[in-house]
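The next block holds one structure in the form of structure tokens; read it before the comments.
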Amino acid sequence: MSYEPGTLDCRLLIDAKHHLEHALASLSSLPQSDHIQRQLRAVHQQLEGMHDLKRALQVDDH
């Protein structure tokens, strides 16, 4: 994953994904947090999909 955003939207998506990754790392050592971790991973995947769309739109615009 690139950390040089092409737009403000990409920067926000990268930041949001990074914060979720940090939260997942924090939760990994807590017992009984599997359900929350699965939910956060699902949100991360949705953000990744949004980021993929933004990147595709940038390529199409050039």
Side-chain angles (χ1 to χ4, degrees):
M1 177 176 78
S2 173
Y3 286 97
E4 296 188 25
T7 65
L8 176 59
D9 287 348
C10 285
R11 170 82 270 159
L12 295 172
L13 289 165
I14 290 168
D15 288 346
K17 290 187 294 183
H18 177 74
H19 289 297
L20 283 174
E21 291 161 6
H22 183 75
L24 283 163
S26 297
L27 289 170
S28 68
S29 61
L30 289 175
Q32 301 176 340
S33 66
D34 293 344
H35 180 67
I36 293 171
Q37 289 181 55
R38 282 193 300 274
Q39 289 176 321
L40 292 177
R41 282 189 203 100
V43 171
H44 188 281
Q45 288 176 334
Q46 290 173 330
L47 291 172
E48 186 64 33
M50 291 174 66
H51 193 195
D52 289 344
L53 287 174
K54 291 287 183 186
R55 287 185 290 227
L57 289 173
Q58 287 177 13
V59 170
D60 289 343
D61 286 344
H62 288 101

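The model shown is predicted, which means the values in this text are computed figures rather than measured ones.
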Q. Hydrophobic cluster mates of Leu53, side-chain heavy atoms under 4.5 angstrom, ILVMFWY only, any path?
A. none

**Q.** Interatomic distance, Leu20 atom CG to Lys17 atom NZ [nearest 0.5 angstrom]
**A.** 10.0 Å

Q. Minimum heavy-atom separation for Leu47 to Ala16, with atom names?
A. CD1-CB, 3.8 Å

Q | Where Ser29 and Ser26 come nearest, the two heavy atoms and their spacing | A | OG-O, 3.6 Å

Q.
Any non-hydrogen side-chain atom of Arg55 less than 4.5 Å from a side-chain atom of His51?
A. yes

Q: Check Ile14, Asp9, Leu13 against Arg11 for a side-chain contact (heavy atoms from CB on, under 4.5 Å) and give me the one that passes.
A: Ile14

Q) Considering residues at least two apart in sequence or located in another chain, which fulfil the side-chain hydrogen bond (donor to acceptor under 3.5 Å, both in side chains) criterion with Gln46? A) none

Q. Excluding sequence neighbours, so at least two apart, what forms side-chain hydrogen bond (donor to acceptor under 3.5 Å, both in side chains) with Asp34?
A. none

Validation: residues 38-45 side-chain donor-acceptor distances under 3.5 Å, sequence neighbours left out:
| from | atom 1 | to | atom 2 | distance (Å) |
| --- | --- | --- | --- | --- |
| Gln39 | NE2 | His35 | NE2 | 3.2 |
| Arg41 | NH2 | Gln37 | OE1 | 3.2 |
| His44 | NE2 | Glu21 | OE2 | 2.8 |

